[in-house]
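Here the structure is laid out as structure tokens; the discussion comes afterwards.
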Amino acid sequence: QVQMVESGGGLVQAGGSLRLSCAASGRIFSSYAMGWFRQAPGKEREFVAAISWSGGSTYYADSVKGRFTISRDNAKNTVYLQMNSLKPEDTAVYYCARGGRTGVPQSRYEYDYWGQGTQVTVSS
């Protein structure tokens, strides 16, 4: 059974930074791509960033490119999302998820296991 637990969310002023973590249990974490998604109230869950199993490839949504950085530490079974220059429109529940064994998938339907989410609120 694969479980993932996000942490690091909170309340921050616009222009500030947060670092989200996602700790995964279960075997062969390092063999799978990982992704971050977010969901604001009344909106669909949207792709934020993804990283390949090795960490060698990453992909970002246009809305966060240049501000967010995804990384992973396979020795710790953990994936991170460093968020800088935060904006009020970044306010959402952020979820990490496990993707496939290849590439950097951007569709939510390519992810099979999800964490419970962590709230990020950016005040103006």
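The first residue in the sequence is number 1, and the count goes up from there.
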Q.
With a 3.5 Å distance limit and no angle check, can you tell me whether Thr78 reaches the backbone of Lys76 through a side-chain donor-acceptor pair?
A. yes

Q.
Phe29 vs Arg98, test: side-chain contact (heavy atoms from CB on, under 4.5 Å). Steps then yes/no.
A. CA-CA 8 Å; Phe29 164 86; Arg98 192 187 78 168; over 6 Å; no

Q.
Would you say that Val104 contacts Thr58 through its side chain, given a criterion of any heavy-atom pair below 4.5 Å between the two side chains?
A. no

Q: Output, in order, the C-alpha distance, side-chain angles, deciding distance and verdict of side-chain contact (heavy atoms from CB on, under 4.5 Å) for Val79 and Ile51.
A: CA-CA 9 Å; Val79 63; Ile51 188 166; 4.2 Å; yes

(Q) Is there a salt bridge (charged side-chain N to carboxylate O under 4.0 Å, His left out) between Lys65 and Asp62? Walk through the geometry before answering. (A) CA-CA 5 Å; Lys65 200 172 296 182; Asp62 288 343; 3.1 Å; yes

(Q) What I'd like to find out is whether the side chain of Asp90 reaches to under 4.5 Å of the side chain of Arg67, using heavy atoms alone. (A) yes

Q. Any idea which heavy atoms bring Phe47 and Pro105 closest together, and the distance?
A. CE1-O, 3.6 Å

Q.
Is any side-chain heavy atom of Arg45 closer than 4.5 Å to one of Trp114?
A. yes

Q) Between Leu18 and Gly8, what is the shortest heavy-atom contact and its length? A) CD2-O, 3.8 Å

(Q) On a heavy-atom basis, which atom in Ile70 and which in Met34 lie closest, and how many Å separate them? (A) CD1-O, 4.0 Å

Q. Between Ala14 and Pro88, which heavy-atom pair has the shortest distance, and what is it?
A. CB-CD, 4.1 Å

(Q) Do Gln39 and Tyr95 make a side-chain contact, defined as non-hydrogen atoms from C-beta onward lying under 4.5 Å apart? (A) yes

Q. Within the side chain of Ser52, is there an N or O that forms a donor-acceptor pair under 3.5 Å with the backbone of Ser57?
A. yes

Q.
If you compare all heavy atoms of Gly115 against all heavy atoms of Glu6, which two are closest, and at what distance to 0.1 Å?
A. CA-OE2, 3.2 Å

(Q) Treating Thr118 as the side-chain partner and Tyr94 as the backbone partner, does any N or O pair qualify as donor plus acceptor under 3.5 Å? (A) no

(Q) I'd like to know whether Met83 forms a side-chain contact (heavy atoms from CB on, under 4.5 Å) with Val64, so could you lay out the CA-CA distance, the side-chain angles of the two residues, the decisive distance to 0.1 Å, and finally the verdict. (A) CA-CA 9 Å; Met83 305 186 295; Val64 307; over 6 Å; no

Q: Could you tell me whether the side chain of Leu81 reaches within less than 4.5 Å of the side chain of Thr69, counting heavy atoms only?
A: no

Q. Can you check whether Gln13 reaches Leu86 side chain to side chain, under 4.5 Å on heavy atoms?
A. no

**Q.** Cation-pi geometry met for Arg72 and Trp53 (6.0 Å, 45°)
**A.** no

Q.
Within the structure provided, determine whether Met4 and Gln116 are in side-chain contact (heavy-atom separation under 4.5 Å).
A. no

Q.
With side-chain contact (heavy atoms from CB on, under 4.5 Å) as the criterion, how do Leu20 and Tyr80 come out once you've worked through the C-alpha distance, each side chain's angles and the decisive distance to 0.1 Å?
A. CA-CA 6 Å; Leu20 304 184; Tyr80 305 96; over 6 Å; no

**Q.** Nearest heavy-atom neighbours spanning Tyr60 and Phe68
**A.** CE2-O, 3.3 Å

Q: State, with a plain yes or no, whether a side-chain heavy atom of Trp36 is found less than 4.5 Å away from one of Cys22.
A: yes

Q | Any donor-acceptor N or O pair under 3.5 Å, side chains Ser17, Asn84 | A | yes

Q | ring-ring contact (aromatic ring centres under 6.0 Å, His included) between Tyr111 and Phe37, intermediate numbers included | A | CA-CA 10 Å; Tyr111 290 81; Phe37 289 75; 5.0 Å; yes

